[in-house]
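Below is one structure; the comments refer to it alone.
Position 1 is the first residue of the sequence, and the numbers go up from there. Atom set for the values below is all heavy atoms of this structure, side chains included, hydrogens, waters and symmetry mates excluded.
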Amino acid sequence: MNNERSSARRRSDQNRSDQNRADQARTDQSRGQNAGRIQPARQVAYDVIAAVRSSDAYANLLLPVRMQRAALGAADAALATELTYGTLRRMGYYDAVIELAAGRETAKIDPPILDVLRLGAHQLLSMRVAQHAAVDESVSLARQVGSRSATGFVNGVLRTISRSTPDEWLQRATAEASSEDDRLATVHSHPTWVVRALRQALRAENNGDELEELLDADNTPPRVSITALPGLSTVADLAGTTPAPYSPLGAVIGSGDPAGLPAVAAGRARVQDEGSQLAALALSRARPVEPGERWLDLCAGPGGKAALLAAEAKAFGAQLIANEIVPARAQLVRNALAVFDPPIEVWEQDGTSIGVDQPDSFDRILLDAPCTGLGALRRRPEARWRKQPKDVADLGRLQSALLASAVAALKPGGILAYVTCSPHLGETRFIVDDAIKRSGGSLEKLDTAAALAPVTLHPLETPDGSHVQLWPHRHGTDAMFIQLLTKLG
């Protein structure tokens with residue numbers, strides 16, 4: 001019987017090999033004079049995906065540049081965007097399918113060829129792309145970046161994927177999951193440790209049953225939100241948009257390039273997630289502003305929140321100073337603040353030492369702390385694959401040091417907003433609670449939800465407690481954590 005099964009397996013493998021060779025022959029014949037020509041949208045998508053893998057590039061920064069250089073029209077730009085972000089979001093799941101179809105681990109596939117396969121898998125499993133187009137263009141890409149044998153390999157793997165339905169591949173990919181978290185990690189294409197961290201954060205609010213909604217939201221392209229900078233523009237100036245549900249300064253654009261809006265082009269309005277708007281407004285509008293107040297944005301790069309705070313400070317007679325230690329990011333802050341006259345002062349100092357250099361100096365401080373970015377996976381999908389559990393501990397030490405510095409720089413009675421674009425408990429509640437414990441009674445939480453209640457257009461559904469935790473699936477924003485604090489005199 002063993003010999004019979006072995007012979008059957010060899011016949012099956014031979015039949016598959018014969019089928020793949022026949023498919024390759026038809027592919028070569030149908031390509032004809034178009035051999036080597038790759039649709040510009042697919043070329044752009046591949047180039048960005050490869051740069052994300054090989055150079056740690058950020059897709060949200062690189063993709064617009066590559067599309068502009070390629071002079072893509074609206075339809076091709078939309079295709080390149082879906083190919084790029086869709087592939088990066090679902091990469092973990094596609095790797096599971098590729099391993100099954102190829103019969104080998106993805107770690108043993110040349111990285112450029114693996115990028116081609118991921119891009120092809122996305123078209124076959126998640127897009128309404130003709131199978132022959134997805135396979136043929138992937139083979140052309142493989143010819144461009146790999147060997148002749150690699151083109152046959154890509155053709156064979158993608159042909160194998162195309163012979164089964166997406167539902168069938170989903171069943172196969174999840175069949176050997178060792179736990180529910182592993183199954184969810186495969187289905188929703190998140191690392192298992194991220195699934196667990198998100199589950200813990202939701203359970204801390206007694207909302208653990210919302211986990212799959214959150215994972216789905218992470219894989220859904222976000223709406224484009226815009227903030228009208230006070231004193232420079234209004235939501236009414238943003239023609240073709242609709243008011244945001246929460247931020248009084250926010251608008252949502254349904255389609256098109258937001259840079260085409262005159263206010264955005266002139267810097268009087270900015271593309272900015274509504275959660276980021278609320279984080280800045282929680283600080284600026286927590287209580288009436290006394291003229292002459294000094295405000296500090298401690299970690300200001302790339303400058304979105306700093307621009308909103310600068311507009312608020314100018315409107316209320318306060319002064320903002322923005323600080324960013326990384327020179328390239330500090331220049332982005334200056335660019336974001338260039339619309340203001342007189343210019344906003346930008347420092348390039350170590351945020352962990354400002355408390356020593358500037359003790360008891362600021363009435364309001366925003367600490368938008370460096371974090372894992374797990375709350376912005378809709379916008380930066382590659383972040384889920386770059387971070388590891390140890391990064392939380394490393395960042396936690398930096399977050400604690402920055403928070404201690406911010407507390408030292410805050411005037412007694414002043415307001416400090418601790419903000420992260422991550423819901424991970426190790427970057428949010430635990431950091432704040434540890435700072436309060438270390439303060440010896442000099443640091444106190446403020447009711448952040450109560451502070452935002454008169455600001456938002458509609459009530460925020462937030463957990464019990466003094467902080468505000470926003471969620472993509474519940475609020476349509478990034479998963480922003482906001483905690484207002486005050487230093488006692």
Is the closest side-chain heavy-atom distance between P248 and L281 below 4.5 Å? yes
Of all heavy-atom pairs linking I431 and S400, the shortest is CD1-OG, 3.6 Å
Might you work through the side-chain hydrogen bond (donor to acceptor under 3.5 Å, both in side chains) test for S422 and T420, ending with a clear yes or no? CA-CA 5 Å; S422 169; T420 64; 5.1 Å; no
I'd like to know whether CD of E180 has more than 12 heavy-atom contacts from other residues, nucleotides or ligands below 6.0 angstrom. yes
Ignoring hydrogens and angles, tell me if any N or O in the side chain of S164 forms a donor-acceptor pair with the backbone of T160 under 3.5 Å. no
Quick check: are there more than 12 heavy atoms from other residues, nucleotides or ligands sitting under 6.0 Å from CD of E168? yes
Go through D433 and K445 one step at a time and tell me if the salt bridge (Lys or Arg N to Asp or Glu O under 4.0 Å) criterion holds. CA-CA 9 Å; D433 290 345; K445 295 178 183 178; 2.9 Å; yes
In plain terms, say whether R378 and D218 are close enough for a salt bridge, that is, a side-chain N and a carboxylate O under 4.0 Å apart. no
Checking the side chain of R384 only, and the main-chain atoms of G92 only, is there a donor and an acceptor separated by less than 3.5 Å? no
Please name the pair of heavy atoms, one in A406 and one in I365, separated by the smallest distance, quoted to 0.1 Å. O-CD1, 3.3 Å
Any pair counted as ring-ring contact (aromatic ring centres under 6.0 Å, His included), so long as it reaches residues 102-128, sequence neighbours left out: Y94-H122
Presence of salt bridge, R474 and E210, under 4.0 angstrom: yes
For a side-chain contact (heavy atoms from CB on, under 4.5 Å) check, start with the C-alpha distance between M127 and L83, then their side-chain angles and the critical distance, and finish with the verdict. CA-CA 9 Å; M127 294 179 66; L83 288 170; 3.6 Å; yes
Look up atom OG1 in T448 and atom CG in L484, then write down how far apart they are to the nearest 0.5 Å. 4.0 Å
Could you check whether any side-chain heavy atom of I253 comes within less than 4.5 Å of a side-chain heavy atom of L238, counting everything from C-beta outward? no
Where is the tightest heavy-atom contact between A59 and T84, given as atom of each residue plus distance? CB-CG2, 4.4 Å
Contacts of E213 meeting salt bridge (Lys or Arg N to Asp or Glu O under 4.0 Å) (sequence neighbours excluded), chain-then-number -> none
State whether D434 and K437 are salt-bridged, where the test is any N-O pair (Lys NZ or Arg NE/NH1/NH2 against Asp/Glu carboxylate O) under 4.0 Å. no
Cationic tip of R53 within the cone over Y46's six-membered ring, i.e. under 6.0 Å and within 45° of the normal? no
Please step through side-chain hydrogen bond (donor to acceptor under 3.5 Å, both in side chains) for the pair Q200 and R203, ending with a clear verdict. CA-CA 5 Å; Q200 290 169 356; R203 279 180 174 171; over 6 Å; no
Do Q43 and Q144 meet the criterion of a side-chain donor-acceptor pair at a distance under 3.5 Å? yes
Contacts of R66 that satisfy salt bridge (Lys or Arg N to Asp or Glu O under 4.0 Å) - sequence neighbours left out: D47
Sub-3.5 Å donor-acceptor pair from the side chain of D447 to the main-chain atoms of A450, do we have one? yes
Test log, rule side-chain hydrogen bond (donor to acceptor under 3.5 Å, both in side chains), inputs T372 and D391: CA-CA 7 Å; T372 56; D391 295 325; over 6 Å; no
Within the structure provided, determine whether L124 and V129 are in side-chain contact (heavy-atom separation under 4.5 Å). no
Distance, nearest 0.5 Å, that separates OG of S247 from CG of L452: 10.0 Å
Residues L402 and C299: closest non-hydrogen pair is CD1-SG, 3.9 Å
Looking only at heavy atoms, which two atoms of L377 and L374 are closest? And how far apart? CG-O, 3.4 Å
Going by the rule side chain to side chain contact (heavy atoms under 4.5 Å, CB included), which residues pair with T462 if we only count those two or more places apart in sequence or in a different chain? A449, L460, V468
Between the side chains of R89 and E382, is the shortest nitrogen-to-carboxylate-oxygen separation below 4.0 Å, so that they form an ion pair? no
Nearest 0.5 Å, what's the CG-CG distance between L403 and L398? 11.0 Å
Go through the steps to decide whether R223 and S225 satisfy the test side-chain contact (heavy atoms from CB on, under 4.5 Å), and finish with yes or no. CA-CA 6 Å; R223 64 194 183 193; S225 298; 3.9 Å; yes
Hey, is CZ on R386 packed in by over 12 heavy atoms from elsewhere, all under 6.0 Å? yes
Checking R172 now: which residues fulfil salt bridge (Lys or Arg N to Asp or Glu O under 4.0 Å) with it, not counting sequence neighbours? none
Side-chain heavy-atom pair E312, L229 within 4.5 angstrom cut-off: no
Given D297, L416, L283, V419, the one that forms side chain to side chain contact (heavy atoms under 4.5 Å, CB included) with L367: L416
Check for me whether R104 meets the cation-pi criterion with F153, that is, NZ or CZ under 6.0 Å from the six-membered ring centre and within 45 degrees of the ring axis. yes
CD of E105 to CD of E99: how many Å apart, nearest 0.5 Å? 6.0 Å
Between CG of L278 and CG of D273, what distance do you get to the nearest 0.5 Å? 8.5 Å
Q123 and R42: side chain donor to acceptor below 3.5 Å: yes
Can you list everything that forms a salt bridge (Lys or Arg N to Asp or Glu O under 4.0 Å) with D216? Sequence neighbours excluded, please. none
Evaluate the ring planes of Y246 and H458, with Trp represented by its six-membered ring, and classify them as parallel (under 30°), tilted (30 to 60°) or perpendicular (over 60°). perpendicular
Using the rule given for side-chain hydrogen bond (donor to acceptor under 3.5 Å, both in side chains), can you reason through E427 versus Q399, listing the C-alpha separation, both sets of side-chain angles and the distance that settles it, and then say yes or no? CA-CA 8 Å; E427 302 185 88; Q399 291 156 359; 3.0 Å; yes
side-chain contact (heavy atoms from CB on, under 4.5 Å) between R329 and V333: does it pass, once the steps are laid out? CA-CA 6 Å; R329 287 172 64 85; V333 175; 5.6 Å; no
Contact between D478 and L470 at the side-chain level, heavy atoms closer than 4.5 Å - yes or no? no
Does W471 form a side-chain contact (heavy atoms from CB on, under 4.5 Å) with N207? I'd like the steps, not just the answer. CA-CA 12 Å; W471 294 103; N207 289 317; 6.0 Å; no
Are the side chains of W385 and P191 in touch, meaning some heavy atoms are under 4.5 Å apart? yes
Determine the minimum heavy-atom distance between L125 and I161, stating which atoms define it. CD2-CG2, 3.9 Å
Interatomic distance, L88 atom CG to N219 atom CG [nearest 0.5 angstrom]: 11.5 Å
Just checking, is any N or O donor in the side chain of E461 or H475 under 3.5 Å from an acceptor N or O on the other one? no
Compare all side-chain heavy atoms of Q469 with those of M480 and state whether any distance is below 4.5 angstrom. no
Can you check whether L446's main-chain N or O pairs, donor with acceptor, with Q483's side chain at less than 3.5 Å? yes
